[in-house]
Enquirer: 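The structure is given below, and queries will be raised subsequently.
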Amino acid sequence: MKNKIINIAVIAHVDAGKSTLVDAFLQQSGIFRENQEVTEQVMDSDDIERERGITIYSKNCSVMHNDIKINIVDTPGHADFSSEVERIMKTVDTVILLVDSIEGPMPQTRFVLQKSLEIGLRPILLINKIDKKNHRAEEVVDMVFDLFVELDANEEQLNFPILYGIAKEGIVQYELEEESNNITPLFDTIINHVSPYPDRDKEDLQFQVSSLAYDDYIGRLGIGRITAGTIREGQTVSVAKNDGSVEKQKISNVHVYKGLKRAQVKEAFSGDIVVISGIANISIGDTICEENKVIPMESIKIEEPTMSMNFLINTSPFAGLSGKYVTTRHLKARLERELEVNVGLKVEPLEGALDGYKVSGRGELHLSVLLENMRREGYEVSVSRPEVILKEIDGVLMEPIERVIVNVPEIYSGSVISKLNLRKGMMVSMLPDGNYVKIEYLVPTRGLLGYRTELINDSKGEGTIIRSFDHYDKYKGEIAQRINGVLISSQEGEAIAYSLNNLESRGTLFIGPGDKVYEGMIIGMCSRGEDMVVNPCKGKKQSNVRSSAADEAIRLSPPKIMTLEAALEFINDDELVEITPDSIRLRKRYLTEIERKKNGQKH
C-alpha cells in the first residue's frame with residue numbers, strides 16, 4: 001500500500017539543535033525499541049561529526065505520523081558544507097527553520113534560508129532552547145521576519161507558522177507560555193502547512209539524483225526524490241547526464257528509508273526519497289527517465305570552490321613510519337574516491353616537478369575534514385598553506401569576501417577592530433550584547449587565514465567567530481602574513497630537555513623532551529620576525545666539576561600542541577604541514593639550509 005508522503009529538511013546555523021530535533025522526531029515516532037540504547041545526535045554517525053559536534057554530511061531518515069510518511073533530511077549548518085544543503089532543497093516540500101532563542105538568525109541561517117526561499121518553499125519557524133533563562137524569543141521572531149523581508153520572501157512565505165520548543169527534551173508548543181510534553185504540535189503543523197506529495201505514479205518517470213553515497217559491496221548509490229512515475233528493481237532506464245548526453249542503464253536495487261535504516265523494496269512511488277544502485281557513473285543532477293521517454297530536469301548548480309591546497313606525498317625523513325598509504329598512487333585513488341561523493345571538491349594534478357594534487361573546496365573546514373579522515377584511514381600527506389581562489393570577472397580580478405560576526409567582551413573589541421582593519425575588512429555593524437560586543441565585518445577570505453587563533457589569544461579564549469561566504473568583490477591588494485619567524489631544527493634526533501630549556505627564551509615551542517625531530521622541521525614559533533636555525537638535540541657537556549645547580553630539575557613550559565586547523569592557519573607559503581596517522585608536524589618546504597638559500601629567490 002502506498003503511503004502519503006511529505007519531505008522536510010531541518011535547516012539552521014551550527015549548534016542551534018538540528019540533530020537533537022531529529023532525535024526527538026525519531027524517539028516520538030516509536031522508531032526505537034523500549035529497551036534500545038540510543039546515542040544523542042543519532043544522525044551524526046561519522047566519527048568527526050561526533051567529536052566536533054557538527055553535521056558535515058546531509059542524511060535522511062523517515063518517520064510515520066498517522067498515515068503519513070515524513071522523510072526528514074538533517075542538513076549541515078556550516079557554510080563550508082553548503083553544497084550539501086543546496087542540492088537537497090529540491091527534494092523537500094518544506095523546511096523547518098530552527099533558530100536559537102538567544103542568538104537569533106546567524107550568517108549561515110541566512111544562507112540556507114535564502115536557498116529555500118529561492119526555490120519557493122514555505123518555511124516553518126521553530127524557536128529552540130526557550131528553557132534558557134535570558135531567552136528573547138519574541139525579539140528573535142521579529143529578527144527572523146526582518147530577515148525574510150530582506151531576502152525578498154513573497155506574501156505566502158512571510159505568513160510562516162511559529163512554534164517554540166526545547167529540542168533536547170523533545171518539546172514543541174504553539175505559544176511561549178503553554179505546557180507541552182511532546183513534539184505533536186510540530187507534526188500537526190507540518191501536516192496542516194504542507195499537502196502530501198500529489199499522486200503522480202501514472203506519469204512518465206522523473207528521478208533526479210541530489211546526493212551520492214558509496215557502498216563497498218554494491219558501489220555507487222544515487223539518492224534523490226522521485227518527481228514523477230515509479231521506479232522498479234531491475235528496470236532499464238535512460239539517464240540524462242548534465243552535459244546533455246543520454247545513456248541506457250539498468251537499476252539493480254531500490255531502497256527507501258524506514259526510520260534510520262534503508263529498506264530494500266521492489267518498487268518505489270512518486271514523492272518518496274529513494275536510493276538506487278547499479279549505475280556506476282551516476283552523478284549529482286542526472287535525471288533518470290523511462291527507457292524511451294527522456295524528460296531531463298533542470299541541472300543542479302553547485303557553488304564553486306573558494307579555497308585550494310596542494311596535497312603532496314610525504315617526503316620527510318619520517319615518511320612511512322606510521323602510515324600505510326604513502327605513494328602518489330594511493331593519494332590519487334583516495335582523492336578519486338572522495339570525488340565520488342563530495343561534489344563540492346575539485347582535484348587537479350600539479351604541474352611541474354611537484355608530486356601531488358591541487359585540491360579545491362568550500363573553505364578550510366571542508367578541506368581539513370577530508371585531511372582528518374585520510375589521516376585516520378592511514379594516509380600520510382604533506383599539505384601547503386590554503387590559498388584563496390581568485391576569479392576574473394569582466395577583466396577585473398575578484399576575490400571571495402566573507403561575512404564575519406565576532407562576539408567578544410567589550411575590553412577586547414579594540415584589538416579585534418584593528419586586526420580586521422589590517423586584514424582589509426570593512427565594518428558593517430557593532431552592537432552591545434550584554435557584557436559582550438557583537439561586531440560584524442565583511443573581510444576577504446585571504447585575510448581570515450590564521451585569524452581564529454589570533455582572536456582566541458587576543459580575547460583570552462572568550463571570543464567567538466562565525467563566518468560565511470558572502471560574495472565576490474574586487475581584489476583588495478596585499479595582506480600581511482604571519483609576522484613571527486619560526487625555530488627550525490638543524491639536526492635529526494631526539495629533543496633533549498637541557499637544549500629546549502635554553503630555547504624557551506627564543507619563542508614558543510611545539511615539541512617536548514623525547515620528541516623525535518629532523519633537519520628542516522619547525523619546532524616552535526620565534527619571538528622575532530626572522531627564522532632561526534637551532535639544535536634541540538644538544539646535550540649538556542660532561543665535566544668533572546660539579547656545579548651547585550647540577551641536581552636541579554629542568555622545568556619546561558608545556559609545548560603548544562598544534563591541531564590540524566591551527567597548523568594550516570599558522571604556516572607560510574614556504575612551509576608545509578606533514579600529516580600522518582599519529583602526528584601532525586610542521587616543516588620547511590626545503591629541509592636543508594643550503595636548499596632554502598638556493599630557492600630563496602623563488603619565493
Side-chain angles (χ1 to χ4, degrees), residues 312 314-323 326 375 380-385 450 453 457 481-543 545 547 549-600 603:
L312 312 163
N314 187 10
T315 55
S316 89
F318 295 170
L321 292 183
S322 63
V326 293
R375 184 168 95 88
E380 285 196 13
V381 60
S382 288
V383 292
S384 66
R385 183 173 196 258
T453 315
N457 293 338
Q481 283 194 10
R482 186 186 75 215
I483 47 176
N484 294 69
V486 288
L487 301 174
I488 308 163
S489 172
S490 63
Q491 303 289 319
E492 184 170 331
E494 210 169 275
I496 290 169
Y498 170 77
S499 183
L500 295 182
N501 190 36
N502 293 331
L503 293 175
E504 276 205 325
S505 58
R506 305 287 173 88
T508 309
L509 294 175
F510 301 157
I511 61 166
D515 287 354
K516 291 190 164 43
V517 297
Y518 55 79
E519 184 182 2
M521 181 171 149
I522 295 169
I523 61 162
M525 180 169 75
C526 187
S527 49
R528 309 222 308 256
E530 67 270 8
D531 292 348
M532 195 180 286
V533 179
V534 295
N535 181 1
C537 309
K538 195 164 87 180
K540 189 178 182 184
K541 290 274 188 294
Q542 296 296 319
S543 78
V545 179
S547 79
D551 299 328
E552 278 181 24
I554 291 171
R555 283 207 177 89
L556 292 168
S557 305
K560 182 179 179 184
I561 305 297
M562 280 296 207
T563 61
L564 180 55
E565 269 98 352
L568 292 171
E569 285 185 344
F570 178 81
I571 57 171
N572 268 343
D573 294 338
D574 63 336
E575 295 160 359
L576 299 172
V577 180
E578 177 191 344
I579 300 161
T580 70
D582 62 1
S583 57
I584 290 166
R585 301 184 191 94
L586 284 81
R587 54 165 282 189
K588 283 288 181 185
R589 189 176 290 247
Y590 300 105
L591 295 177
T592 65
E593 211 164 345
I594 296 166
E595 274 185 309
R596 286 198 292 278
K597 278 183 178 153
K598 202 166 79 182
N599 291 282
H603 281 286

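Because only heavy atoms are used, hydrogens play no part in the values below, and waters and symmetry mates are left out as well, while side chains stay in.
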Enquirer: Whether the side chain of Arg587 engages the backbone of Arg589 through a donor-acceptor N/O pair (distance < 3.5 Å, no angle test) should be reported.
Expert: yes

Enquirer: Is any side-chain heavy atom of Thr580 less than 4.5 Å from a side-chain heavy atom of Arg585?
Expert: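 They are in side-chain contact.
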
Enquirer: Evaluate the side chain to side chain contact (heavy atoms under 4.5 Å, CB included) criterion for residues Leu556 and Glu504: first the C-alpha distance (whole Å), next the side-chain angles of each, then the deciding distance (0.1 Å), finally the verdict.
Expert: CA-CA 8 Å; Leu556 292 168; Glu504 276 205 325; 3.9 Å; yes

Enquirer: To check you understand the geometry: which heavy-atom pair defines the closest contact between Ser384 and Ile571, and what is its length?
Expert: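 Shortest heavy-atom contact: C-CD1, 3.7 Å.
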
Enquirer: Are the side chains of Asn502 and Lys538 in touch, meaning some heavy atoms are under 4.5 Å apart?
Expert: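 No, their side chains stay 4.5 Å or more apart.
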
Enquirer: List the residues meeting salt bridge (charged side-chain N to carboxylate O under 4.0 Å, His left out) with Glu569, not counting sequence neighbours, and say none if there are none.
Expert: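 Counting only residues at least two positions away or on another chain, Glu569 forms no salt bridge (charged side-chain N to carboxylate O under 4.0 Å, His left out).
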
Enquirer: Tell me every residue that passes ring pair (Phe, Tyr, Trp, His ring centres under 6.0 Å) with Tyr498, counting only those two or more places apart in sequence or in another chain.
Expert: none

Enquirer: Locate the shortest heavy-atom distance separating Leu564 from Ile579; write the atom from each residue and the value.
Expert: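 Looking at all heavy atoms of both residues, the closest pair is CD1-CD1, 3.4 Å.
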
Enquirer: I'd like a table of donor-acceptor pairs (distance under 3.5 Å, sequence neighbours excluded) in which one partner is a side-chain atom from residues 509-525, with atom names and distances.
Expert:
unit_1, atom_1, unit_2, atom_2, d
Asp515, OD2, Gly512, N, 2.9
Tyr518, OH, Glu578, OE1, 2.5

Enquirer: What's the spacing between Arg375 CZ and Asp582 CG if we round to 0.5 Å?
Expert: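 Separation between the atoms: 8.0 Å.
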
Enquirer: Can you tell me how far the CG atom of Leu500 sits from the CZ atom of Arg506, to the nearest 0.5 Å?
Expert: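 Leu500 atom CG to Arg506 atom CZ measures 12.5 Å (nearest 0.5 Å).
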
Enquirer: Using a 3.5 Å distance criterion without hydrogens, assess whether the side chain of Gln491 forms a donor-acceptor pair with backbone atoms of Cys537.
Expert: no

Enquirer: Could you tell me whether Lys588 and Asp531 make a salt bridge, using a distance below 4.0 angstrom between a side-chain N and a carboxylate O?
Expert: yes

Enquirer: Tell me, do Cys526 and Asn484 make a side-chain contact under 4.5 Å, heavy atoms counted?
Expert: no

Enquirer: Got a donor-acceptor contact below 3.5 angstrom from the Glu380 side chain to the Gly320 backbone?
Expert: yes

Enquirer: For Leu591, is there any backbone N or O sitting under 3.5 Å from a side-chain donor or acceptor partner on Arg596?
Expert: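 Yes.
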
Enquirer: Supply the atom-to-atom distance Leu503 CG to Met532 CE, rounded to the nearest 0.5 angstrom.
Expert: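 It is 9.0 Å, given to the nearest 0.5 Å.
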
Enquirer: Would you confirm whether Ser316, through its side chain, and Phe318, through its main-chain N or O, come within 3.5 Å as a donor-acceptor pair?
Expert: yes

Enquirer: Side chain to side chain contact (heavy atoms under 4.5 Å, CB included), that's the test. Do Val326 and Asn314 meet it? Break it down for me.
Expert: CA-CA 7 Å; Val326 293; Asn314 187 10; over 6 Å; no

Enquirer: Is a donor on one side and an acceptor on the other found under 3.5 Å between the side chain of Ser499 and the backbone of Asn535?
Expert: yes

Enquirer: For Phe570 and Val486, run side chain to side chain contact (heavy atoms under 4.5 Å, CB included): C-alpha distance rounded to whole Å, both residues' side-chain angles, the deciding distance at 0.1 Å, then the answer.
Expert: CA-CA 10 Å; Phe570 178 81; Val486 288; 3.7 Å; yes

Enquirer: Would you say Val383 and Leu568 make side-chain contact, with heavy atoms under 4.5 Å?
Expert: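 Yes, their side chains come closer than 4.5 Å.
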
